[in-house]
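Okay, so here's the structure we're looking at.
None of the values given here were measured: they were computed from a predicted structure.
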Amino acid sequence: MTANIVNASISRRSVPNLGDANAETWQFELGEWITHKDQPMPSLVLSRHKAGRMGEVYGVRSFAAVDANRDRMILGSALKPIDDAAKAICLAHLSGIA
């Protein structure tokens with residue numbers, strides 16, 4: 001009888017709780033347009049990683065036509081969502097309209 005109780009508790013511990021994995025939240029979604037909070041840097045979120053006490057680190061690609069560091073890793077605390085006006089200007093430049 002004791003062996004059955006021990007085996008049952010071991011099997012319960014080895015089964016991952018999928019509800020916890022799906023509950024993970026992020027400041028920005030993959031594919032979201034973002035910019036730097038202090039200066040214009042329209043970019044696309046390509047990857048994201050948890051960095052312990054540092055918070056979140058995002059891999060972003062700049063939309064700038066000339067950028068020596070087009071791909072960069074940056075802390076989420078230095079980013080903000082891009083506003084609609086800046087997004088419209090970026091799209092105009094990317095399409096060659098502006």
Side-chain angles (χ1 to χ4, degrees):
M1 177 83 144
T2 307
N4 289 340
I5 293 171
V6 171
N7 289 340
S9 64
I10 290 171
S11 65
R12 264 187 254 131
R13 274 187 257 144
S14 63
V15 175
N17 184 348
L18 298 177
D20 291 345
N22 293 333
E24 191 168 40
T25 59
W26 294 92
Q27 185 178 356
F28 301 103
E29 296 297 321
L30 296 175
E32 188 172 346
W33 287 42
I34 53 88
T35 190
H36 194 277
K37 68 178 186 177
D38 295 330
Q39 62 187 7
M41 187 191 82
S43 303
L44 181 70
V45 174
L46 298 178
S47 64
R48 57 190 184 190
H49 308 278
K50 295 287 184 184
R53 292 180 308 164
M54 299 296 291
E56 300 169 354
V57 176
Y58 290 87
V60 301
R61 174 164 290 165
S62 171
F63 289 127
V66 178
D67 189 342
N69 299 309
R70 191 165 189 186
D71 293 328
R72 52 179 60 95
M73 300 293 287
I74 191 164
L75 288 173
S77 59
L79 301 173
K80 67 178 186 177
I82 198 166
D83 61 22
D84 291 336
K87 190 172 185 176
I89 291 168
C90 288
L91 287 171
H93 281 285
L94 289 172
S95 65
I97 296 172

key: Heavy-atom pair of closest approach, residues V57 and A51   = CG2-CB, 3.6 Å
query = Mind checking what makes side chain to side chain contact (heavy atoms under 4.5 Å, CB included) contact with A86, not counting sequence neighbours?
reply = I82, D83
message = Show me the pairs that pass ring-ring contact (aromatic ring centres under 6.0 Å, His included) and involve residues 51-75, at least two apart or across chains.
response = F28-Y58, W33-F63
inquiry  = Going by the rule side chain to side chain contact (heavy atoms under 4.5 Å, CB included), which residues pair with H49 if we only count those two or more places apart in sequence or in a different chain?
reply    = S47, M73
query = Which pairs, with at least one residue in residues 63-76 and sequence neighbours excluded, count as a side-chain hydrogen bond (donor to acceptor under 3.5 Å, both in side chains)?
reply = R61-D71, S62-D67, D67-R72
inquiry  = Suppose we screen for side chain to side chain contact (heavy atoms under 4.5 Å, CB included). Which residues come up paired with P40, at least two apart in sequence or across chains?
reply    = none
task = Evaluate the criterion side-chain contact (heavy atoms from CB on, under 4.5 Å) for residue pair K80 and I34; output intermediate values, then yes/no.
result = CA-CA 6 Å; K80 67 178 186 177; I34 53 88; over 6 Å; no
remark   = residues 29-43 vs salt bridge (charged side-chain N to carboxylate O under 4.0 Å, His left out), sequence neighbours excluded, gives E29-R48
ask   = Can you get from W26 to I74 by hopping between Ile, Leu, Val, Met, Phe, Trp and Tyr side chains that sit under 4.5 Å apart?
value = yes
task = Decide whether M41 and L30 are clustered together by the hydrophobic rule: side chain heavy atoms of Ile, Leu, Val, Met, Phe, Trp, Tyr closer than 4.5 Å, transitively.
result = yes
task = Tell me, please, which residues at least two apart from Q39 pass side chain to side chain contact (heavy atoms under 4.5 Å, CB included).
result = H36
query = What residues form a salt bridge (Lys or Arg N to Asp or Glu O under 4.0 Å) with E56, not counting sequence neighbours?
reply = K50
